[in-house]
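One structure below.
Note that the coordinates shown come from a computational prediction; the quantities given were computed from them, not determined experimentally.
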Amino acid sequence: MDTKLTTADEETTAASSSPRERMSGILLHPTSLPSPYGIGDLGEGAYHFVDFLEKTGQHLWQILPLGPTGFGDSPYQSFSAFAGQPLLISPAKLMEEHLLTKEDLKDMPQWDPRKVDYGEVILFKTELLKKAWAAFHHTPDKTLLEEYEQFCEEEKDWLEDYSFFMAVKDAHEGGWWLDWEKELISPDAKTRKRWSEKLEYEIGYYNFIQFMFQRQWLELKKYANEKEIEIIGDIPIFVALDSVDVWANKKLFQLDTKGHPTCVAGVPPDYFSATGQLWGNPLYDWNFHKETGYQWWIARIRRQLALTDYLRIDHFRGFEAYWSVPAEEETAINGAWIKGPGKDLFLAMEKAFEGKLPIFAEDLGIITPEVEHLRDSLGFPGMKVLQFGFENMEDQNYVPHFYTTPNCICYTGTHDNDTTMGWYQEQPEIVKDRIRRYGNTDGNLVSLDFIRFCFGSIARYAIFPLQDLLTFGSEARMNVPGVAAENWAFRYVEEDLTPERAEWLLKTTQLFGR
């Protein structure tokens with residue numbers, strides 16, 4: 001297999017020009033893939049999953065954000081909006097590069113194949129990656145060394161800040177940047193040089209793991225694209241406070257003179273929480289972004305479209321208006337809607353990319369006519385989640401026979417919902433009865449019924465979590481919004497993808513012309 005490192009621009013796929021009018025696919029984050037190393041990675045299990053997508057007639061693979069995660073392990077709270085997740089690097093592929101040996105893996109823990117134990121995985125894989133970095137210094141592979149240097153040069157605009165930030169963070173035992181010495185909170189050139197020399201080896205380590213992540217990811221993406229499978233990426237609208245993005249670009253955010261947020265992001269009370277969700281992310285200073293021509297956002301989108309074919313933007317409604325909560329508040333109740341950049345941001349992007357963007361709008365929650373107008377004026381497809389529609393049959397937004405445009409994505413559920421089987425079990429009898437009559441079904445395999453509902457709709461895109469294809473219950477739920485622990489841990493095993501289930505999916509896909 002060709003493992004040549006490919007640049008971002010070379011890998012960007014013009015997904016928006018796809019000739020297929022009806023497409024379907026599976027929502028699965030790479031951490032959920034089978035792997036012997038405690039967490040899904042970019043090794044053999046990932047390629048088997050792509051093969052499964054091809055065998056079952058799917059053309060889309062939707063993932064969650066790919067960034068390096070921090071406390072809570074959420075892919076929506078990352079140390080960087082540009083960097084990749086080191087935990088996804090395949091140890092097996094590092095062995096193929098002669099950067100690890102079997103001896104390095106002799107003390108590997110016994111992992112639960114269906115659940116990620118992030119604490120243990122982080123310790124184990126970090127030790128492996130550091131051994132690989134040490135071995136990299138002695139590799140005779142000149143091509144690999146040249147590709148590393150090429151990578152560092154091509155990605156330096158974000159990589160230099162990221163690797164410096166993470167190395168300094170490690171030097172402070174993981175403490176967030178607001179607790180660092182004053183000289184490091186906003187370092188001048190002299191301070192930066194001194195610390196860069198002091199932490200040269202550690203900075204190199206972070207350069208190296210980003211190089212290996214991109215090398216392995218783009219190889220997998222190329223494999224998928226060759227099989228006519230496109231990848232839908234995901235980016236949170238906001239970034240984490242404890243991130244290189246905020247530390248290195250303070251003027252882009254609503255911060256006080258010491259770097260603390262004055263207001264933070266969240267959403268008001270909604271379907272998921274009676275007190276709203278207080279995310280705590282710093283809010284953007286959109287006036288300053290406008291003054292810069294939205295350069296940071298353009299660079300962010302460019303980077304992510306180098307790694308994926310489409311982009312789902314989480315909390316799209318925040319571009320029209322965002323929920324601003326004073327930083328001292330303990331819940332999201334006492335916030336206010338503040339106008340966002342609106343179409344101006346996306347027009348700047350279209351100009352920079354010379355055309356329409358392959359973006360999906362996550363338009364769930366409190367959606368106003370203004371948000372709908374922004375979405376539709378940009379031509380972005382919105383989301384239709386079946387679970388929401390069948391809980392309230394009077395809600396015409398989410399039930400398939402009420403869809404008015406094919407320019408949308410029909411989901412059985414998302415990473416924030418319970419699995420459809422788990423959700424159905426908790427519904428009152430009146431809801432269960434509606435579903436049974438709607439689908440002329442007994443409801444015993446309701447998640448498969450929901451997949452058929454999605455596939456049979458006019459929506460151009462139909463996507464379902466893998467858990468729904470496998471008819472898993474609540475034990476396989478990916479995330480419970482507002483709950484800090486025990487999320488993002490779901491994994492499946494290779495044996496779950498049975499020939500019978502593959503045949504069912506292929507025939508259903510063909511039946512509905514997807």
Side-chain angles (χ1 to χ4, degrees), residues 20 22-33 40 49-50 52-64 224 229-234 310 312 314 360 362 364 381-391 397-400 403 406 408-425 427 435 438-439 441 443-479 490-492 496-498 500-514:
R20 298 182 203 92
R22 289 169 62 80
M23 304 169 71
S24 60
I26 296 178
L27 168 59
L28 181 80
H29 198 47
T31 56
S32 298
L33 290 162
F49 180 67
V50 170
F52 178 80
L53 290 171
E54 181 188 35
K55 181 169 62 175
T56 57
Q58 306 313 297
H59 291 285
L60 297 171
W61 176 10
Q62 182 170 332
I63 60 175
L64 305 182
I229 294 161
E230 294 172 313
I231 297 174
I232 304 170
D234 192 339
Y310 297 83
R312 170 191 179 272
D314 196 49
F360 291 174
E362 187 276 288
L364 307 175
M383 293 174 58
K384 309 287 189 182
V385 179
L386 291 185
Q387 288 185 22
F388 296 157
F390 284 100
E391 282 182 352
N397 287 321
Y398 299 123
V399 182
Y403 296 176
C408 62
I409 316 106
C410 183
Y411 290 87
T412 57
T414 74
H415 65 276
D416 281 334
N417 295 97
D418 199 348
T419 67
T420 297
M421 294 293 285
W423 167 85
Y424 180 79
Q425 293 302 319
Q427 297 308 303
I435 294 169
Y438 189 90
T441 177
N444 289 332
L445 293 175
V446 68
S447 60
L448 300 186
D449 296 326
F450 268 40
I451 292 173
R452 288 193 298 104
F453 297 168
C454 277
F455 279 29
S457 74
I458 66 169
R460 181 181 179 193
Y461 309 97
I463 295 173
F464 54 90
L466 182 67
Q467 294 95 311
D468 283 351
L469 177 66
L470 303 180
T471 65
F472 286 167
S474 298
E475 74 284 351
R477 183 170 183 167
M478 191 64 165
N479 180 49
F490 164 74
R491 298 179 69 196
Y492 76 94
D496 292 331
L497 304 182
T498 63
E500 294 77 17
R501 197 50 48 90
E503 182 181 12
W504 179 90
L505 179 55
L506 176 61
K507 288 184 176 180
T508 304
T509 304
Q510 293 171 338
L511 177 65
F512 291 105
R514 293 198 177 272

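Considering only residues two or more places apart in sequence or on other chains, Arg501 meets the salt bridge (Lys or Arg N to Asp or Glu O under 4.0 Å) condition with none of them. Phe512 is linked by a ring-ring contact (aromatic ring centres under 6.0 Å, His included) to nothing, counting only residues two or more places apart in sequence or in another chain. Residues satisfying the ring-ring contact (aromatic ring centres under 6.0 Å, His included) criterion with Phe360, sequence neighbours excluded, are Tyr310, Tyr461. Listed by chain and residue number, nothing satisfies the salt bridge (Lys or Arg N to Asp or Glu O under 4.0 Å) test with Arg514 (two or more places apart in sequence, or in another chain). Under the salt bridge (Lys or Arg N to Asp or Glu O under 4.0 Å) criterion, Asp468 pairs with no residue, sequence neighbours left out. When the side-chain contact (heavy atoms from CB on, under 4.5 Å) test is applied to Glu54, the partners found at least two apart in sequence or on another chain are Lys227, Ile229. Residues forming a side-chain contact (heavy atoms from CB on, under 4.5 Å) with Cys454 (at least two apart in sequence, or on another chain): Leu386, Cys410, Thr412, Ala462. Scored by the ring-ring contact (aromatic ring centres under 6.0 Å, His included) test, Tyr398 finds Phe388 as partners (sequence neighbours excluded). Residues passing the salt bridge (Lys or Arg N to Asp or Glu O under 4.0 Å) test with Asp418, sequence neighbours excluded: none.
Ring geometry for Phe49 versus Trp61: interplanar angle over 60°, hence perpendicular rather than tilted (30 to 60°). By the 30° and 60° cut-offs, the orientation of the rings of Phe464 relative to Phe455 is tilted.
Between Ser457 and Tyr403, the shortest heavy-atom distance links the atoms CB-CE1, 3.8 Å. Between Gln467 and Ala476, the shortest heavy-atom distance links the atoms NE2-O, 3.0 Å. A pairwise comparison of heavy atoms in Met421 and Asn444 identifies CE-O, 3.3 Å as the closest pair. Across all non-hydrogen atoms, the minimal contact from Thr420 to Gln387 is OG1-NE2, 3.4 Å. The two atoms that bring Arg452 and Thr508 nearest to each other are CG-CG2, 3.9 Å, heavy atoms only.
For the pair Met383/Arg312, a side-chain contact is recorded, criterion being any heavy-atom separation below 4.5 Å from C-beta on. Counting only heavy atoms from C-beta outward, the side chains of Thr471 and Thr419 never approach each other to under 4.5 Å. Contact of the Phe453 side chain with the Val399 side chain is not registered, since no non-hydrogen atoms from C-beta on lie closer than 4.5 Å. Proximity of Asp449 to Tyr424: side-chain heavy atoms (C-beta onward) are nowhere separated by under 4.5 Å. A heavy-atom distance below 4.5 Å is not found between the side chains of Thr56 and Thr509. Between Ile63 and Ile232, the closest side-chain pair of non-hydrogen atoms is not below 4.5 Å.
One finds the CD1 atom of Ile458 at 6.5 Å from the SG atom of Cys408 (value rounded to the nearest 0.5 Å). Rounding to the nearest 0.5 Å places CG of Leu497 at 7.5 Å from CG of Leu469. For the atom pair CG of Asp496 and CG of Leu466, the computed distance is 7.5 Å after rounding to the nearest 0.5 Å. Summarising the geometry, atom CG belonging to Leu53 is positioned 12.5 Å from atom CD belonging to Glu230; distances are rounded to the nearest 0.5 Å. For the atom pair NE2 of His415 and CD of Gln62, the computed distance is 9.0 Å after rounding to the nearest 0.5 Å.
Screening Phe472, Phe450, Phe390 for a ring pair (Phe, Tyr, Trp, His ring centres under 6.0 Å) involving Trp423 leaves a single residue, Phe450.
Residue pairs meeting the salt bridge (Lys or Arg N to Asp or Glu O under 4.0 Å) criterion with at least one member in residues 502-512, sequence neighbours excluded: Glu503-Lys507. Each salt bridge (Lys or Arg N to Asp or Glu O under 4.0 Å) pair with one or both residues in residues 24-33, not counting sequence neighbours, would appear here, but there are none.
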Evaluation steps, side chain to side chain contact (heavy atoms under 4.5 Å, CB included), between Val385 and Thr414:
CA-CA 8 Å; Val385 179; Thr414 74; 3.9 Å; yes

Side-chain donor-acceptor contacts of residues 23-32 below 3.5 Å, not counting sequence neighbours, with atom names and distances?
residue	atom	partner	partner atom	Å
Ser24	OG	Gln58	OE1	2.7
His29	ND1	Leu64	N	3.1
Ser32	OG	Phe490	O	2.7

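The backbone N or O of Gly473 sits less than 3.5 Å from a side-chain atom of Glu475, completing a donor-acceptor pair. In this structure, the side chain of Lys384 engages the main chain of Asn397 through a donor-acceptor pair within 3.5 Å.
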